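To keep things clear, I will list the structure first and then write my remarks on it.
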Amino acid sequence: MDLDGVDPKRIPRHVACVMDGNGRWATKQGLPRTEGHRAGEEALFDASCGALDLGLEYLTVYAFSTENWRRPPAEVRFLLNVIADQLLTRRRDELHQMGVKIRFIGRRDWRVPRWVVKRMDEAARLTENNRALTLTVAFNYGGRAEIVDAVKAIASSGLAPSKIDERTIRRHLYAPDVPDPDLVIRTSGEFRVSNFLLWELAYSELVFTDVLWPDFRREHLFDAVREFQARDRRYGKTGSRHDDGIPS
Ligand code: IPE
Ligand code: IPE
Ligand code: MG
């Protein structure tokens with residue numbers, strides 16, 4: 001596989017995507033917005049193949065936000081169907097054969113129809129022992145909701161406030177074992193985070209592209225990884241050899 005100049009020694013462990021622009025993609029072609037969601041599923045599959053080509057450990061995708069319930073009911077229903085019928089049923093076995101572990105982050109018990117939760121559980125159970133790639137679907141996900149849920153869990157655990165630190169909060173997030181994303185990609189030319197992974201993306205590199213999500217293919221993922229590899233991640237340090245260990 002030609003990885004287009006990507007340095008195989010500096011592959012990010014975890015890439016996260018805000019899959020945006022489905023509606024505009026459809027409107028541009030005179031189609032109803034829902035056709036964009038259908039086409040977006042194909043893009044997600046190709047991006048997952050690209051993640052396997054690269055050897056990523058984790059790919060996290062924003063599929064439905066806690067705010068997306070505000071859309072017209074017919075569009076919400078269609079989105080739930082695309083996720084549950086296309087991704088979690090039609091694609092599930094293909095992803096399973098490719099060694100992809102499917103998991104979910106979000107509020108699964110809030111507003112989500114029971115039949116969708118059932119499909120989510122089935123896909124997660126079927127693929128739970130796979131090791132090639134973990135595909136985390138952020139579904140009914142909100143970054144603020146995740147932090148609220150963590151705070152509630154910590155408060156009800158009875159832990160003394162003086163014992164709470166950043167590790168305590170991390171342990172109560174939806175996927176505490178998953179490392180923070182190294183790279184977050186947002187498609188469709190929008191420059192915002194839209195309540196995605198607020199805690200986790202504190203030090204992620206952000207790459208924005210004008211490509212509308214249904215047109216996104218693995219080559220665009222490789223482009224974003226190349227851009228990531230050209231960045232200098234400093235984590236608050238100066239980047240010089242004097243960093244670390246020298247008291248200021
Ligand atoms: C992303 O595409 C899919 C979801 C948010 C669920 P949009 O539906 O937001 O498409 P645009 O941004 O309106 O073009
Ligand atoms: C973010 O896209 C949510 C998902 C991709 C699931 P939106 O289209 O909902 O975000 P805004 O409304 O443009 O910020
Ligand atoms: Mg959008």
Side-chain angles (χ1 to χ4, degrees), residues 12-28 33-34 36-37 39-41 43-44 47-48 50-51 56 58-72 75-76 78-80 82-83 87 104-107 110-111 135-151 169-170 173-175 178-217 219-236:
R13 283 186 80 188
H14 182 183
V15 175
C17 289
V18 180
M19 309 187 288
D20 197 17
N22 294 355
R24 278 164 284 167
W25 180 90
T27 305
K28 260 174 60 181
R33 287 177 54 87
T34 46
H37 300 316
E41 194 272 335
L44 172 55
S48 305
L56 298 187
Y58 300 94
L59 177 67
T60 298
V61 294
Y62 203 6
F64 191 89
S65 76
T66 45
E67 289 72 34
N68 288 147
W69 294 108
R70 296 180 187 152
R71 295 186 178 199
E75 180 166 341
V76 168
F78 193 93
L79 269 165
L80 297 182
V82 163
I83 294 161
L87 179 64
F104 298 89
I105 51 174
R107 281 190 170 160
W110 180 70
R111 285 185 149 189
L135 172 65
T136 303
V137 181
F139 176 72
N140 198 17
Y141 175 87
R144 288 184 174 176
E146 178 174 33
I147 295 170
V148 168
D149 290 349
V151 170
I169 299 196
R170 155 159 291 282
L173 298 177
Y174 295 138
V178 175
D180 289 344
D182 303 291
L183 165 63
V184 178
I185 303 168
R186 182 166 187 151
T187 57
S188 85
E190 304 293 352
F191 299 94
R192 55 181 173 264
V193 168
S194 300
N195 205 12
F196 190 39
L197 302 178
L198 295 184
W199 178 275
E200 297 85 341
L201 57 70
Y203 269 100
S204 305
E205 295 296 328
L206 309 179
V207 168
F208 298 96
T209 166
D210 287 337
V211 175
L212 300 173
W213 180 257
D215 290 329
F216 194 90
R217 290 296 175 270
E219 290 72 25
H220 301 110
L221 175 64
F222 302 160
D223 287 346
V225 169
R226 260 190 282 109
E227 191 170 334
F228 165 82
Q229 291 182 335
R231 303 267 180 97
D232 180 15
R233 300 182 82 187
R234 289 200 288 271
Y235 299 100

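One is the number of the first residue; the rest follow in order along the sequence. Computed from a prediction, not measured in an experiment: that's the story for all the values here.
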Identify the heavy atoms of [X] and [Y] that sit nearest to each other, and give their distance.
X	Y	value
S204	V184	CB-CG2, 3.8 Å
G21	S188	CA-CB, 3.6 Å
I105	A175	CG2-CB, 3.8 Å
G36	A26	N-CB, 3.6 Å
L173	A150	CD2-CB, 4.3 Å
G40	N22	CA-OD1, 4.4 Å

Between Y203 and D180, is a side chain to side chain contact (heavy atoms under 4.5 Å, CB included) present by the stated rule, with each step listed?
CA-CA 8 Å; Y203 269 100; D180 289 344; over 6 Å; no
Are H37 and E75 close enough, and set up right, to give a side chain to side chain contact (heavy atoms under 4.5 Å, CB included), and what steps lead you there?
CA-CA 9 Å; H37 300 316; E75 180 166 341; 2.9 Å; yes
Starting at [atom1] of [X], measure out to [atom2] of [Y] and round the result to the nearest 0.5 Å.
X	Y	atom1	atom2	value
I185	F228	CD1	CZ	10.5 Å
D215	H220	CG	NE2	7.0 Å
Y58	R13	OH	CZ	5.5 Å
T66	W110	OG1	CH2	6.0 Å
L221	R226	CG	CZ	10.5 Å

Check whether any side-chain N or O of R231 sits under 3.5 Å from a backbone N or O of L206 as a donor-acceptor pair, and report yes or no.
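Yes; at least one donor-acceptor contact below 3.5 Å.
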Could you tell me whether the side chain of R186 and the main chain of R192 form a donor-acceptor pair under 3.5 Å?
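Present.
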Starting from the C-alpha separation in whole Å, work towards a yes-or-no answer on side chain to side chain contact (heavy atoms under 4.5 Å, CB included) for H14 and E200.
CA-CA 11 Å; H14 182 183; E200 297 85 341; over 6 Å; no
For F78, all residues meeting ring pair (Phe, Tyr, Trp, His ring centres under 6.0 Å), sequence neighbours excluded
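Listed in chain order: nothing, the list is empty.
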Who passes ring pair (Phe, Tyr, Trp, His ring centres under 6.0 Å) against W213, sequence neighbours left out?
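Ring pair (Phe, Tyr, Trp, His ring centres under 6.0 Å) check on W213 returns F216.
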For the aromatic rings, using the six-membered ring if either is Trp, is the centroid distance between F104 and F139 under 6.0 Å?
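Ring-ring flag for F104/F139: false, centres at least 6.0 Å apart.
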Could you check whether any side-chain heavy atom of [X] comes within less than 4.5 Å of a side-chain heavy atom of [Y], counting everything from C-beta outward?
X	Y	result
T27	R33	yes
C17	T187	no
L44	M19	yes
P181	L197	yes
T209	D223	no
V61	L135	yes
K28	L212	yes

Just wondering, are more than 12 heavy atoms of other shown residues or ligands nearer than 6.0 Å to CZ in R217?
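Enclosed: over 12 neighbouring heavy atoms sit under 6.0 Å from CZ of R217.
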Applying side chain to side chain contact (heavy atoms under 4.5 Å, CB included), run through N195 and S65 and close with a yes or a no.
CA-CA 8 Å; N195 205 12; S65 76; 6.0 Å; no
Side-chain donor-acceptor pair present, N140, W69, cut-off under 3.5 Å:
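Yes, W69 and N140 have a side-chain donor paired with an acceptor closer than 3.5 Å.
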Assign the ring pair Y141 / F196 to parallel, tilted or perpendicular, where the plane angle (0 to 90°) is split at 30° and 60°.
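Geometry flag for F196 against Y141: perpendicular rings.
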Run through V137, L79, V82 and flag the one making a side chain to side chain contact (heavy atoms under 4.5 Å, CB included) with F64.
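So, applying the side chain to side chain contact (heavy atoms under 4.5 Å, CB included) to F64 and each of V137, L79, V82, only L79 qualifies.
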